[in-house]
Amino acid sequence: MSKLDVGVFARPDWPDGFIFRRFKYLMDYLFWTGNEVVFHARSKDFGVHDLKRDDAIRSKVEDELRGADPVFVFHASHGGNNILSGQGMSNLICCPGAYFCPEPNHEVLSDRVTYTLSCSSAEELGPEVIEANGRSYIGYLPYLWILVLEGDDMDAAFKDIWAGGAIALIDGKTTQEAYNWVQRRYEYWISYWEMNPGWVAPIMIWCLKEDYKNLKLLGKRDARIRST
Amino acid sequence: MIEEINIEKLLLEKGEYVKEAVDKWFEKIPKEELDKPVIASIGQEIEPRIYTPRDLYQELKKETKEKKVSKEKEGIVVEIIKMYGEVEK
């Protein structure tokens, strides 16, 4: 049995694509979101194995998962149908499928709750992880969009939603409850923007609606990552 | 709750109306924002998919002109019409 109250946080951050808004690169937005999750986890005495930047690579993630045997895996980076990426778009976790996966290692997510902020991995990787006795898998299919304009109700709204789902799990919610929480936050921000017209609104509402529709929960709906 | 808009049908029946709504939206964008990134997706492509408002507008303009909006972009057009084309619908 994997250990409750412990998590591995795989958080790459490299110069992937220029944004030059609040942050210079697209990955910085995910790293920012992850910072909030890790900060919250530490404040709640949740065991944090934080693999940042150059530590967010396959060998280190596998070592931490096998060594610490945590119930929770948080990942925030690029993704594809059968793959979660690590630092520099390296292959972090994959199963056979659309993208090249010479050495499948998806079984490292067996018996764990995975929460990933990435595109598409709920297509092939999520189901394979559940097939390999993963507890739950929360991810997106096909795309995870972000609006990168700076503002509490723009880029920070995505941080609010995305970090909030992981925080709900850390606070003891079940996977279904965390999933519901994320859905409610998408709905809240969609309503907010429907009442705030302007050129940004159509794009923001579209991004939020796409992410809302693309959010997937696979596996157990009553899984928890806390002991109390 | 506004009734969902069938873009395909609307393009066939009132293509000019859709085009005008998209143009009206584009005109409202501050000039200094036109060529800065506005949305991105976190996929597996080597080059991340990052769009500026101008990128979006050019794609929407092309697709509405051809009366064939991709499934992915339909949602943006629907939201633009709700905001900038509602009166004439």
Side-chain angles (χ1 to χ4, degrees), chain A residues 15-21 23 25-27 29-30 76-85 89 91 94 98-100 116-121 140 142-150 154-155 158 162 190 193-194 196-211 213-214, chain B residues 1-5 7 18 20-61 63-64 69-87:
Chain A
D16 57 342
F18 287 115
I19 299 293
F20 284 116
R21 295 279 188 177
F23 299 110
Y25 301 108
L26 179 56
M27 277 303 302
Y29 289 82
L30 292 172
S77 177
H78 292 264
N81 289 10
N82 60 322
I83 189 167
L84 298 180
S85 287
M89 208 67 142
N91 183 321
C94 68
Y99 289 92
F100 185 55
T116 177
L117 298 171
S118 57
C119 281
S120 308
S121 73
Y140 287 82
Y143 295 112
L144 179 61
W145 289 95
I146 182 171
L147 181 134
V148 293
L149 296 172
E150 185 172 349
M154 293 191 274
D155 58 356
F158 289 90
W162 297 349
I190 289 166
W193 276 98
E194 282 174 344
N196 284 276
W199 73 271
V200 176
I203 318 176
M204 184 71 179
I205 294 168
W206 175 79
C207 280
L208 291 164
K209 283 186 174 176
E210 284 294 299
D211 289 352
K213 186 180 69 185
N214 296 346
Chain B
M1 192 73 177
I2 298 166
E3 196 185 328
E4 273 310 312
I5 297 164
I7 288 297
V18 177
E20 278 172 17
V22 172
D23 285 343
K24 196 170 167 189
W25 165 72
F26 186 69
E27 284 163 16
K28 299 286 178 192
I29 302 171
K31 289 206 172 13
E32 66 274 16
E33 294 291 344
L34 287 175
D35 297 304
K36 292 180 186 171
V38 65
I39 57 168
S41 72
I42 304 147
Q44 197 62 13
E45 301 84 5
I46 302 295
E47 289 294 320
R49 298 172 73 198
I50 298 170
Y51 291 91
T52 66
R54 195 188 299 278
D55 296 334
L56 280 176
Y57 173 70
Q58 282 169 348
E59 285 195 13
L60 296 180
K61 193 177 166 186
E63 290 180 12
T64 51
V69 176
S70 63
K71 274 282 162 212
E72 191 178 62
K73 303 277 176 2
E74 267 188 14
I76 299 181
V77 179
V78 166
E79 299 305 329
I80 287 173
I81 287 170
K82 282 181 187 173
M83 208 147 285
Y84 292 101
E86 195 57 32
V87 178

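Below, chain A is the first sequence line, B the second, and so on; all start at residue 1. Since we're looking at a predicted model, the values are computed, not measured.
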Go through the atoms of A/Tyr29 and report whether side chain, backbone, both or neither lie under 4.5 Å from a heavy atom of chain B. neither
Test side-chain contact (heavy atoms from CB on, under 4.5 Å) applied to B/Val38 and A/Ile19, A/Ile146, A/Leu149, the passing residue: A/Leu149
Of the listed residues (A/His78, A/Glu210, A/Met154), which shares the most heavy-atom pairs with chain B below a 4.5 Å separation? A/His78
Suppose we screen for side chain to side chain donor-acceptor pair (under 3.5 Å). Which residues come up paired with A/Asn91, at least two apart in sequence or across chains? A/Arg58
Evaluate B/Glu79 against A/Met204 for side chain to side chain contact (heavy atoms under 4.5 Å, CB included), listing each step before the verdict. CA-CA 9 Å; B/Glu79 299 305 329; A/Met204 184 71 179; over 6 Å; no
Shortest non-hydrogen contact from A/Trp199 to B/Pro53? CZ3-CG, 3.9 Å
Which distance, rounded to the nearest 0.5 Å, do you find between the CG of A/Asp211 and the OG of B/Ser41? 9.5 Å
Taking only residues two or more places apart in sequence or in another chain, which ones pass side-chain contact (heavy atoms from CB on, under 4.5 Å) with A/Glu150? A/Arg22, A/Asp155
At a 4.5 Å cut-off on heavy atoms, which part of B/Phe26 comes close to chain A: side chain, backbone, both, or neither? neither
Can you tell which part of A/Tyr99 gets under 4.5 Å to a heavy atom of chain B, answering side chain, backbone, both or neither? side chain
Just give me the residue among A/Ser77, A/Ala98, A/Ala201, A/Gly198 that pairs up with chain B most often, heavy atom to heavy atom, under 4.5 Å. A/Gly198
Picking from A/Arg21, A/Met89, A/Met27, which has the most non-hydrogen pairs under 4.5 angstrom with chain B? A/Arg21
For the residue pair A/Ser85 / B/Gln44, report whether a side-chain donor-acceptor contact shorter than 3.5 Å exists. yes
Region of B/Glu33 in contact with chain A, defined by heavy-atom distances below 4.5 Å: both
Do A/Trp206 side-chain atoms and B/Glu74 backbone N/O form a donor-acceptor pair below 3.5 Å? no
With a 4.5 Å limit on heavy-atom distance, are the side chains of A/Phe18 and B/Lys36 in contact? no
Name the residue from B/Lys82, B/Met83, B/Lys28 that meets the side-chain contact (heavy atoms from CB on, under 4.5 Å) definition with A/Pro197. B/Met83
Segment of B/Ile76 engaging chain A (4.5 angstrom heavy-atom cut-off): both
Quick one: are A/Leu30 and B/Ile42 in side-chain contact, heavy atoms under 4.5 Å? yes
Top of B/Pro48, B/Ala40, B/Gly75 for chain A proximity - count of heavy-atom pairs under 4.5 angstrom: B/Ala40
Interatomic distance, B/Trp25 atom CH2 to A/Ile203 atom CD1 [nearest 0.5 angstrom]: 4.5 Å
